[in-house]
Amino acid sequence: MLATILTKTFLDRWKGMAIGAVVLGAMLLFGMATYRDIDLSLYTDLPEALRAIMNIPAEADVGSLAYGAIYSSYGALTLAGLALSMGSASIAGEERDGTLGLLLGNPKSRTAVLASKAATMVLLTAVGALVLWGAGLLVPAVLGVDITGTHVGALVFHMFAVAVFFGALSMAVGAWTGKSGMASGISVAVLVLSFFAVGLLPLFSGLENGAKAFPWYYYDASQPVLNGVDWGHVGVLLVGIGALLALAVVGVNRRDLRERTLGVTMVDRLRAAPLTKKLVDRLAGSARVSRIAMKTASEYQGLLIVTAYVMFLMMGVLIGIMYQFLDDTLATFAENFPEALLALVGGGDMSTPEGWFQVETYGLMAPIGVMVVTIAIGAKALAGEEARRTMGLLLANPLPRSKVVLEKTVTMVVYAVVVGVATFAGVALGSLLGGLGLDIGNVAATSLLVTLLGLVFGAFALVLSAATGRVRVALFGAIGAAIALHLFNAFLPLNDSVAGLARLSPFYYYLSSDPLMNGMAWGHTTVLAGLFVALLVAAVMFFDRRDLRQN
């Protein structure tokens, strides 16, 4: 039984890990090839403190730059994201899908089922790490790049350890709550908070040691790509993994497991309240149309709440307040940091409030926040209904397939706008509390652009969902495209001969006009809105013409 569960889970999940690892390997190839054409004195002339932060040795080479820019951040975040996705689906996901009873109907304990799920998570994460290690050695060999002095294996091993830690965290939360959305939401929140705390706390005088309270510190602080494996730091992560898995065993054995039919949606709760019953009944309408959008909204309410909270409070209000307390390190950092490398995180002069928010909030976190919601809805909007065998119930009503697509899209648009508004409100309040004086109109313009950017990739996930009927293809295809096109936009401007090709990336139409300083670029807004509409039309066409899957 243990081997059967492990094998089935492995076969169900290996494609996502393989796609993630291969995409990262391809990005390393692209990045390293780009760095070969750059004057490395741009980096070797940086102050020693900045080179240490960027994991660049005194005699920086192409390899150390590429590993630092791609593997150390994107690679670790991607591997950890895939691991925590498996962790959240291990027990809570089986409960959500109504399949845990089938597993426990066999003569095996809950602990055995959890152990097999944990073993699969560790095994798949190890496979992904091995692919990254192989790519990390193969790419420089193919390009003729000397990587002497860098420890690729040590970096990947640290990445593996921190990824399994977050997978175990997600598994523990899911085992105690039975809610996969809560498990993934809490784990992602801890991951994001940890990532930024370790990067920002050393900039505050007297708070440097506070970074040790976060798991990301034990992945990155020892700079494994430069110094090799730090067994003390890895040991901390391994102890944490053991404690979390033990906690998961206790949680799954002491709790009454949830049946799939016991979930209460947001609509059900609002209908039960006398003050909102009439309004919700009217909004929900008939089962044929309006209720599709309401049902979809209920399914993703937890994800929306967590994402909006992170963007409003952590990436908006707190970022604005923090700006006033940074010491001279930030000014030195802003003066010497290469403008080309800043493009990787959105660009901007960090010595100004606008540049600070562009790098810390709008460069990466705001697009990620909106895309987390839009891609999740787009990927599962159609393929998810097919996988759960509920699409037939929707289409049994007298409405065309296109109506189902449009109703699902309504929820995607509304939720994207909510995250965009939360980001706008957080940045505006942070600017007010910090006395930064940001132009509110420019903040609104940037928030609108990031909302449209997220909708573009959400619509792309919807196209893949409509065309294939497979959630994982839609989910990882959209995520892979977003990562690749972001790097496409960041790296191509480094080479004048191909800089114009950056216009092929939707990210170009997001921040290239510097909306926080210059306000709305209506031409760029039109391009993003046009891409969204075109992808929506394509989704309708694909869904209308495809034979739907029954299982």
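Within the 4.5 Å cutoff, no side-chain heavy atoms of Phe543 are placed close to those of Ser402. Side chains of Leu501 and Leu504 form a contact here, defined as non-hydrogen atoms less than 4.5 Å apart. Using a 4.5 Å heavy-atom threshold, the side chains of Val234 and Val229 count as touching. Looking only at side-chain heavy atoms (C-beta outward), Met412 and Leu455 come within less than 4.5 Å of each other. Residues Met171 and Leu245 have side chains in contact (heavy-atom distance under 4.5 Å, counting atoms from C-beta outward). Side-chain contact between Met86 and Leu124: present, with at least one pair of heavy atoms (C-beta onward) separated by less than 4.5 Å.
For the residue pair Ser447 / Tyr362, a side-chain donor-acceptor distance below 3.5 Å is found, with atom types taken as modelled.
No more than 12 heavy-atom neighbours from other residues, nucleotides or ligands sit within 6.0 angstrom of CZ on Phe542. For CH2 of Trp133, the number of neighbouring non-hydrogen atoms (other residues, nucleotides, ligands) closer than 6.0 Å is 12 at most.
Between Ser465 and Ala474 the shortest heavy-atom distance is N-CB, 3.6 Å. When all heavy atoms of Pro367 and Leu453 are compared, the closest pair comes out as CB-CD2, 4.1 Å. Summarising the geometry of Phe460 relative to Ala481, their closest heavy-atom pair is CE2-CB, 3.8 Å, with the distance given to 0.1 Å. Closest approach of Gly454 to Val370, counting heavy atoms only: CA-CG1, 3.6 Å. Listed here is the closest heavy atom pair of Thr307 and Gly369: CG2-O, 3.2 Å. Of all non-hydrogen atoms in Thr125 and Ala83, the two that sit nearest each other are OG1-CB, 3.8 Å.
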Side-chain donor-acceptor distances from residues 152-170 under 3.5 Å, at least two apart:
| from | atom 1 | to | atom 2 | distance (Å) |
| --- | --- | --- | --- | --- |
| His158 | ND1 | Tyr219 | O | 3.1 |
| His158 | NE2 | Asp230 | N | 3.2 |
| Ser170 | OG | Leu84 | O | 2.9 |
| Ser170 | OG | Ser88 | N | 2.9 |

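Annotation: the span from Leu77 atom CG to Ile368 atom CD1 amounts to 7.0 Å, rounded to 0.5 Å. Taken to the nearest 0.5 Å, the CE atom of Met315 stands 4.5 Å off from the OG1 atom of Thr361. Here Leu452 contributes atom CG and Phe532 contributes atom CZ; the two are 8.5 Å apart, rounded to the nearest 0.5 Å. Put simply, OG1 on Thr525 and OH on Tyr510 are 12.0 Å apart, with the number rounded to the nearest 0.5 Å.
Take Ala534 and apply the side chain to side chain contact (heavy atoms under 4.5 Å, CB included) test, not counting sequence neighbours, and it matches no residue.
At least one donor-acceptor pair under 3.5 Å links the side chain of Thr120 to the backbone N or O of Ser116. Not one N or O on the side chain of Asp220 forms a donor-acceptor pair closer than 3.5 Å with the backbone of Trp216.
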